[in-house]
Amino acid sequence: MIEDAAEIVCGACGAVVDRLMDSRPNRAFTPEQSQARARTGPPTSVRFHDGGMGTMITAPRGDLSGEKQRELFNLRKWQQRVRVSDATERNLAIALSELSKLAGALSLPPNILDTASVIYRRAIKKRMIRGRSIANIVGASLYLSCRQCGVPRSLDEIAALAMTTKKELGRSFRFMVRALDIVVPPSRNANYAAQFSNRLAISGKAEGIAIRILKKAQQMKLTSGRGPAGIAAASTYIATVLTNERKTQREIAETANVTEVTIRNRYRELLERLTLVVPL
DNA sequence: AAGACGAAAGTGGTTGA
DNA sequence: TCAACAACTTTCGTCTT
């Protein structure tokens, strides 16, 4: 674990594990406490290029001596230079705000956003942005973050909102994995199954069965090399059949963003290799 | 008539010489 | 740079409910 400002970051994968600083406002019950506990501004965060420190030195007003005024003027000038005039800083500021827009649009929780922010910072530090567009690096950071945290989001979904293509996003993603040598866990397809079950409004029982099927499939090495969505969709389909909550292949195919044929192929493989002991 | 099934050809991307 | 390759899609005809 490495402590990075206000977040605890996993050194191996870059995931933001926890925050050191409390994000709740300090409570104060008496005037004395309010003096002692006062804190100006929100806690710091990797999400902002300056750590969330909004400090600005304002323009000097007229009631100061000439000397003081000049001094303040210089301070202000330097702070602005340090703050955003540096090209890298400006890039970071723009990118991080893009990142949080994206994460919002995909309704991803804050820890995903934080992890992605950390990844993005590492990318910048390694000067990896040459040629590549901000949209791609931002998207790839977010995708990486999702993978690490086991949140099922596809390249397609992110590419659509990040104003880029699946192809380019995928390329940036692979590039970043290599350059930052991040360990990316394989997609947890159980999470996909859970997501599909939610979207299809399927019972918890069926969802459980789907996940059990997936586990079995994984043990039997039926999952390697296959798209996680397809297998999860097939398992979900089997589960709905077993529990008499049958959904059409078309319905499942649509929510899973794969075709019926792919579902059928996975489904067939699963039936062939899995002796389904059906505990109803 | 709608859904399930599967064969065959096509697509876009990776890999390795 | 090119060909082989794997995963997946598209399309379409046939069977099942």
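Everything numeric in this text was worked out from a predicted model, so none of it was measured. Proteins come first, then strands; the chains are lettered A, B, ... in the order of their sequence lines, and each starts at number 1.
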Starting at [atom1] of [X] and ending at [atom2] of [N], how long is that distance when rounded to a whole Å?
X: A:Asn265; N: B:dA8; atom1: CG; atom2: P; result: 14 Å
X: A:Ile263; N: B:dG3; atom1: CD1; atom2: P; result: 14 Å
X: A:Glu251; N: B:dA4; atom1: CD; atom2: C1'; result: 14 Å
X: A:Gln249; N: B:dC5; atom1: CD; atom2: P; result: 5 Å
X: A:Asp156; N: B:dT11; atom1: CG; atom2: P; result: 19 Å
X: A:Arg246; N: B:dA4; atom1: CZ; atom2: C1'; result: 8 Å
X: A:Leu270; N: B:dC5; atom1: CG; atom2: P; result: 13 Å
X: A:Ile231; N: C:dA7; atom1: CD1; atom2: C1'; result: 11 Å

Restricting to non-hydrogen atoms, name the atom on [X] and the atom on [Y] that form the minimum distance, rounded to 0.1 Å.
X: A:Tyr143; Y: A:Ser154; value: CE1-C, 4.1 Å
X: A:Cys149; Y: A:Ile112; value: CB-CD1, 3.5 Å
X: A:Ala206; Y: A:Glu245; value: CB-OE2, 3.8 Å

Side-chain donor-acceptor contacts of residues 232-242 of chain A below 3.5 Å, not counting sequence neighbours, with atom names and distances?
residue  : atom : partner  : partner atom : Å
A:Ser235 : OG   : A:Ile231 : O            : 3.0
A:Thr236 : OG1  : A:Ala232 : O            : 2.7
A:Tyr237 : OH   : A:Arg246 : NH2          : 3.4
A:Thr240 : OG1  : A:Tyr237 : O            : 2.7

| query | Between B:dG6, B:dA4, B:dT14, which nucleotide has the shortest distance from any of its atoms to the side chain of A:Arg268? | reply |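 So the nucleotide nearest the side chain must be B:dG6.
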OP1 or OP2 of [N] less than 4.0 angstrom from a side-chain nitrogen or oxygen of [X], does that happen here?
X: A:Arg250; N: B:dG3; answer: no
X: A:Tyr267; N: B:dA4; answer: no
X: A:Arg266; N: C:dA7; answer: no

| So, A:Lys101 and A:Glu98, do they make that salt bridge, N to O below 4.0 Å? |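 Salt bridge present between A:Lys101 and A:Glu98.
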| field | Intra- and interstrand pairs of DNA chain C - dot-bracket, Watson-Crick/G-U under 3.5 Å, | marks other strand | value | |||||.|||||||||||
| Exam field: side chain A:Gln249 to backbone A:Ile263, donor-acceptor pair closer than 3.5 Å |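 Not at all, since once roles are kept as given, no pair shorter than 3.5 Å links the two residues.
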| Taking A:Asn191 for the side chain and A:Gly150 for the main chain, is one N or O donor matched with an acceptor at less than 3.5 Å? |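 Pair found, side chain donor or acceptor close to backbone of A:Gly150.
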| side chain to side chain donor-acceptor pair (under 3.5 Å) between A:Thr115 and A:Gln148, intermediate numbers included | CA-CA 9 Å; A:Thr115 301; A:Gln148 284 175 343; 5.8 Å; no
Pick out the pairs of N or O atoms, protein on one side and nucleotides 10-15 of chain C on the other, that lie under 3.5 Å.
none

| What's the spacing between A:Tyr120 OH and A:Leu113 CG if we round to 0.5 Å? |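 The OH atom of A:Tyr120 sits 13.5 Å away from the CG atom of A:Leu113.
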